[in-house]
> 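Below is a structure I'd like to ask you about.
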2 protein chains.
Amino acid sequence: MRAKGRRLQRGHGESYCYQELRRAVLEGRLVPGQRLVEAELVRMLGVGRAAVRTALARLEQEGVVERAPNRGARVRLLTEQEAVEILEARAALEGLAARHAAQRATPQDLRQLRSILREMAACARKGDTFRYTECNRRFHEVLVTASRHLTAARLLDSLRAQMVRYQYRTVLAPGRLPRSLQEHRAIVDAVAAKDPDAAEASMRAHLEAVAATLREVARQTSEVAIP
Amino acid sequence: MRAKGRRLQRGHGESYCYQELRRAVLEGRLVPGQRLVEAELVRMLGVGRAAVRTALARLEQEGVVERAPNRGARVRLLTEQEAVEILEARAALEGLAARHAAQRATPQDLRQLRSILREMAACARKGDTFRYTECNRRFHEVLVTASRHLTAARLLDSLRAQMVRYQYRTVLAPGRLPRSLQEHRAIVDAVAAKDPDAAEASMRAHLEAVAATLREVARQTSEVAIP
DNA sequence: GTCAACTTTGTTGTAGACAATCTTGCAGTG
DNA sequence: CACTGCAAGATTGTCTACAACAAAGTTGAC
């Protein structure tokens, strides 16, 4: 995240700034709770303050950052309760997406899903949780794309952007990984069988299992230490 | 929508502008497709251009307005396809809300819902579709509040803000009104019975019926004239 | 030593000006 | 008559400067 040498094209400073900040949050370069001082962002991104300002407003609307009048913006920090709520909302919306995917997925979509599934299985065998998480992200992305449901896609994109902090915690729960893999298999099978009801049901079951795990993990860690 | 006499409090110009514009769209004072010239809004709202600008950015993020670089903003105009998608997303999310409402609704919430239901029945008898629509809006609002699911509430709020144009069209379909009333009754009954599954199912059935009606209405009108 | 009021510093909110870009109307040409 | 190119006006994007505010630090009285 450095100032670029050449000038940006007029009219794109704001969206550049928006995307760059969003990525920075998603990739963990900006952590929840961190202050976002406008002047600093201006230096880092090499854009005007107006662009930074409106980008922050958009990110607030999306739920990625919080702003208080005269006190600036910071990366939003979720409570466990909110994280669970977001997972529930995701379950509802990705259920819808899975239903549509079952009706509209192309053979190529299915090939892609199966390919990711194989990679996930390999990661599960090796215990490579980091790469597994990455595959998981791609899996859901491909499936939502395959649904061709732009509204659901937009909402899910914003929901996932808010979840950075809890993204990695659930897979690490003991015994969760093989189950997760199985749940993903069930989803692909239902989509491949062009069975909308089964697709939605399996997706919801999957994300509700994740929510349940998160609840469990949260309960345990809160007894030991506050992260 | 006139310039206010007294000065606005510092730090609230932007959110004032955001809310005012949002209301204007929801109440139909700004119609889909209409251009939103910054200088004009500045005059109307009595705030600085920066405030207008960031407010427009937020509204774009919410899907209420569209902006193109160097070409300004206009109130977003949905295609029927997008309207149907939004209703599908609403069905998924309000289904979730209904499920939670069945578990968390207080006696007062239920009294409010039943009161609205009675008013709706009266409107249906008299054929007062305008007031029926207003009751319908309140019904869904109360139910979402009763669910105590902030994430779903936020998402639904933004979805409803995008639907202005199609809000009134579905109730006007012949024979739809009595069915709509019955569907709402079923939802309240399920919530009152504290049956989450039934609550979710009846809400989804309701909104999917609305989506189906919209599809039907859209098909018919598109054969006659483009609205 | 403690607390309150004041000052300082860092940061945000707002206004105004200017330049880049788009749009529109018009003239000229094939 | 249709079409292209140009000029004027309108509108947006960006920059700079300054005022208002919050938080932290400092002084002074008790």
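We name chains A, B, ... by the order of the sequence lines, and we start the count at 1 in each one.
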> Below 3.5 Å is the cut-off: list the nitrogen or oxygen pairs between protein and nucleotides 19-21 of chain C, distance only.
| unit_1 | atom_1 | unit_2 | atom_2 | d |
| --- | --- | --- | --- | --- |
| dA20(C) | N3 | Arg10(A) | NH2 | 3.4 |

> List in chain and number order the residues that pass salt bridge (charged side-chain N to carboxylate O under 4.0 Å, His left out) with Arg154(B), two or more places apart in sequence or in another chain; answer none if no residue qualifies.
none
> Between dT12(C), dT11(D), dT23(C), spot the one nearest the side chain of Arg35(B), thanks.
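The answer is dT11(D).
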> Please give me every residue in residues 48-56 of chain A whose heavy atoms get under 4.0 Å of an atom in DNA chain C, ordered by residue number.
Arg49(A), Arg53(A)
> If I take atom CD in residue Glu38(A) and atom P in nucleotide dA22(D), what distance separates them, rounded to the nearest angstrom?
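These atoms are roughly 15 Å apart.
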> What ring pair (Phe, Tyr, Trp, His ring centres under 6.0 Å) pairs are there with at least one residue in residues 37-66 of chain A, not counting sequence neighbours?
none
> Who passes side chain to side chain donor-acceptor pair (under 3.5 Å) against Arg76(B), sequence neighbours left out?
Glu82(B), Gln162(B)
> Starting at the 5' end of DNA chain D, which residue's closest nucleotide do you reach first, Ala39(B) or Arg71(A)?
Ala39(B)
> Taking salt bridge (charged side-chain N to carboxylate O under 4.0 Å, His left out) as the definition, give me every residue that meets it alongside Arg104(B), ordered by chain and number, with sequence neighbours left out.
none
> Output the rounded distance in Å from CD (Glu14(B)) to P (dA20(D)).
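Between P of dA20(D) and CD of Glu14(B): 20 Å.
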> Using whole Å, what does the distance between atom P of nucleotide dC15(D) and atom CG of Leu45(A) come to?
12 Å
> Partners of Thr145(B) by side-chain contact (heavy atoms from CB on, under 4.5 Å), sequence neighbours excluded?
none
> Sequence neighbours left out, what passes side chain to side chain donor-acceptor pair (under 3.5 Å) with Arg71(B)? Give chain and number order.
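For Arg71(B), no residue satisfies side chain to side chain donor-acceptor pair (under 3.5 Å) once neighbours in sequence are set aside.
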> From CD of Glu40(A) over to P of dT11(C), roughly how many Å is that when rounded to an integer?
8 Å
> Roughly how many Å is it from CZ in Arg67(A) to C1' in dT12(C), rounded to a whole number?
11 Å
> Report the residues that fulfil side chain to side chain donor-acceptor pair (under 3.5 Å) with Glu94(A), sequence neighbours left out, ordered by chain and then residue number.
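For Glu94(A) the side chain to side chain donor-acceptor pair (under 3.5 Å) partners, ignoring immediate neighbours, are Arg90(A), His140(A).
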> Just by distance, do the side chain of Arg74(A) and the backbone of Gln34(A) share a donor-acceptor pair under 3.5 Å?
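Not a single qualifying donor-acceptor pair exists.
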